[in-house]
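Each residue takes its place number in the sequence, starting with 1.
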Amino acid sequence: NLKLYKDRIELIAMDPANVAMVVFKLLSSAFSEYNVPNERTIGINLINFTQILKRVKPTDILTLELDEGKNKLQIILKGVTIKKFELGLLDIEEREQKVPSLKFTAKIETNTLLFNDAIEDMDIIADSLSFQAISDKFVIQSEGNISSGKIDISTDEETNVQLSAGSVGARYSVEYLKKIIKGSKLTNNVVLEFGQDYPLRVEYKVLDKLALQFVLAPRTPTD
């Protein structure tokens, strides 16, 4: 379900296992023209929608129009040629997802390449890793049956560590993190917020255009 507001398009979804939530906001200021007179929710097949969007060339002008009569979303690509697709709307019954109110004690801002490489490095060790925030650095480490790995990202012009308490740490799934870091295509910076054995929030933001957030549940010692 996509929610169409007068100032943004919003998607909030939870994965089937209730481990991760995604919150995506595409602001009206990201468009050259945006006209949504009445707020509403539309259901679409995300796989079909992304297949159509893959046909968009960098020089194309993309237009999305809602055809109320046909109950379809029209997708128009204008370039050397004009391509027009129609995507049937779906009646998706799902309980409304609400973004949880969370209070974090650690906030890390760093370069997406550094963060991506760290996740990929830890993937060769085990299926989970731990984040630890210390006053002057961000530590990512993992331990397997026969191997271990540790990465220290120190505070510098690309990395900033903020703590409202002492050092904190939590463990998360590498499988989910590998999917989350695909958001790095949007921007060069990522903001990570977590606490002691607490959910993780990952945010990629492009000023005046969009915000992509993920909330990931922590792994417990019994996981």
Task: Backbone N/O of Val206 and side chain of Thr187: donor-acceptor pair under 3.5 Å - done: no
- [ ] Output the distance between atom CZ (Phe214) and atom NZ (Lys182), rounded to the nearest 0.5 Å.
- [x] 10.0 Å
Open item on the list: Tell me whether Glu33 at atom CD has more than 12 heavy atoms from other residues, nucleotides or ligands lying less than 6.0 Å away.
Closed with: no
Open item on the list: Ignoring hydrogens and geometry beyond distance, is a side-chain donor-acceptor pair present between Ser28 and Arg8 at under 3.5 Å?
Closed with: no
Open item on the list: Can you tell me if Arg40 has over 12 outside heavy atoms packed within less than 6.0 Å of its CZ?
Closed with: yes
Task: hydrophobic_cluster_shared for Leu90 and Leu64, side chain cutoff 4.5 Å - done: no
Open item on the list: Could you check whether any side-chain heavy atom of Leu216 comes within less than 4.5 Å of a side-chain heavy atom of Val202, counting everything from C-beta outward?
Closed with: no
- [ ] Establish whether Ile44 and Leu11 are linked, either directly or via other cluster members, by ILVMFWY side-chain heavy-atom contacts under 4.5 Å.
- [x] yes
Open item on the list: Between Thr155 and Asp136, is the side chain to side chain donor-acceptor pair (under 3.5 Å) condition met? List the steps.
Closed with: CA-CA 6 Å; Thr155 299; Asp136 61 345; over 6 Å; no
Open item on the list: I'd like to know if the side chain of Arg171 reaches the main chain of Thr220, judged simply by a donor and an acceptor atom lying under 3.5 Å from each other, with no hydrogens or angles considered.
Closed with: yes
Open item on the list: Nearest 0.5 Å, please: how far is CD1 in Ile82 from CD1 in Ile76?
Closed with: 8.5 Å
TODO: Rounded to the nearest 0.5 Å, what's the gap from CZ on Arg55 to CG on Leu62? Could you check?
DONE: 14.0 Å
Open item on the list: Counting C-beta onward and ignoring hydrogens, is there a side-chain heavy-atom pair between Phe104 and Arg201 closer than 4.5 Å?
Closed with: yes
TODO: Keeping the roles fixed (side chain from Thr50, backbone from Ile47), state whether a donor-acceptor pair exists under 3.5 Å.
DONE: yes
Open item on the list: Please find the pair of heavy atoms, one from Ser128 and one from Ser142, that lie closest to each other, and give the distance.
Closed with: O-OG, 2.8 Å
Open item on the list: Would you say CD of Glu10 has more than 12 non-hydrogen atoms from neighbouring residues, nucleotides or ligands within 6.0 angstrom?
Closed with: yes
TODO: Evaluate the side-chain proximity of Phe85 to Leu77: yes if any heavy-atom separation is below 4.5 Å, no if none is.
DONE: yes
Task: Pairwise distance CG(Leu66) to CG(Leu4) - rounded to 0.5 angstrom - done: 7.0 Å
- [ ] Indicate the atoms forming the closest heavy-atom contact of Ala118 with Ile140, along with that distance.
- [x] CB-CD1, 3.5 Å
Task: Heavy-atom closest contact (Lys209 atom, Ser29 atom, distance) - done: N-OG, 4.4 Å
Task: Side-chain heavy atoms of Ser173 within contact of Lys178, under 4.5 Å - done: no
Task: Residue from Ile42, Asp67, Thr41 passing side chain to side chain contact (heavy atoms under 4.5 Å, CB included) with Leu89 - done: Ile42
Task: Min side-chain heavy-atom separation Tyr5-Val36 under 4.5 Å - done: no
Open item on the list: Is a donor from one side chain sitting under 3.5 angstrom from an acceptor on the other, for Asp15 and Tyr176?
Closed with: yes
Task: Residue pair Val174 / Ile119: nearest heavy atoms and the distance that separates them - done: CG1-O, 4.4 Å
- [ ] Report yes if the side chains of Val190 and Thr110 come closer than 4.5 Å at any heavy-atom pair, otherwise no.
- [x] yes
Open item on the list: Let's go through Thr159 and Asn111 carefully: what are the C-alpha distance in whole Å and the side-chain angles of both, what is the deciding distance for side-chain contact (heavy atoms from CB on, under 4.5 Å) to 0.1 Å, and is it a yes or a no?
Closed with: CA-CA 7 Å; Thr159 302; Asn111 178 277; 5.8 Å; no
Task: Audit row: Leu200, Leu177, side-chain contact (heavy atoms from CB on, under 4.5 Å) steps and yes/no - done: CA-CA 10 Å; Leu200 167 72; Leu177 286 168; 3.8 Å; yes
Open item on the list: Test of understanding: clusters of I, L, V, M, F, W, Y form through side-chain heavy atoms closer than 4.5 Å, transitively. Do Met14 and Leu212 belong to the same one?
Closed with: no
Task: Distance-minimising heavy-atom pair for Val168 and Ala106 - done: CG2-CB, 3.6 Å
Task: CA sep, side-chain torsions, deciding dist, call: Phe31, Leu26, side-chain contact (heavy atoms from CB on, under 4.5 Å) - done: CA-CA 9 Å; Phe31 296 85; Leu26 184 59; 3.5 Å; yes
Task: Basic-acidic side-chain contact under 4.0 Å: Lys6, Glu39 - done: no
Task: Co-membership, hydrophobic cluster, residues Val139 and Phe115, 4.5 Å side-chain - done: no
- [ ] Check the surroundings of atom NZ in Lys72: do more than 12 heavy atoms from other residues, nucleotides or ligands lie under 6.0 Å from it?
- [x] yes
Task: Test log, rule side-chain contact (heavy atoms from CB on, under 4.5 Å), inputs Leu102 and Val215 - done: CA-CA 10 Å; Leu102 300 168; Val215 178; 3.9 Å; yes
Task: Hphob cluster co-occupancy, Ile134 + Leu163, side-chain heavy atoms under 4.5 angstrom - done: no
Task: Shortest non-hydrogen contact from Thr112 toward Ser184 - done: CB-CB, 3.6 Å
Task: Any Val22 side-chain heavy atom under 4.5 Å of Ile12 side chain - done: no
- [ ] May I ask you to test the Lys205-Val191 pair for a side-chain heavy-atom distance under 4.5 Å?
- [x] no
- [ ] Determine the sole option in Gln132, Lys137, Gln196 for which the side chain to side chain contact (heavy atoms under 4.5 Å, CB included) test with Ser167 is passed.
- [x] Gln132
Open item on the list: Do the side chains of Asp60 and Lys78 get close enough for a salt bridge, i.e. N-O under 4.0 angstrom?
Closed with: no
TODO: Please check if atom CG in Asn18 has more than 12 non-hydrogen atoms from other residues, nucleotides or ligands closer than 6.0 Å.
DONE: yes
- [ ] State plainly whether the residues Glu65 and Lys84 are in salt-bridge range, i.e. N to O under 4.0 Å.
- [x] no
Open item on the list: Nearest 0.5 angstrom please: Met122 CE to Phe131 CZ, how far?
Closed with: 10.5 Å
Task: Atom pair CD/CD1 of Glu175 and Ile180 - distance to nearest 0.5 Å - done: 11.0 Å
Open item on the list: My understanding is that only one of Ile9, Leu186, Leu27 makes a side chain to side chain contact (heavy atoms under 4.5 Å, CB included) with Leu210; could you say which?
Closed with: Leu186
Open item on the list: Can you classify the ring geometry of Phe194 versus Tyr172 as parallel (below 30°), tilted (30 to 60°) or perpendicular (above 60°)?
Closed with: perpendicular
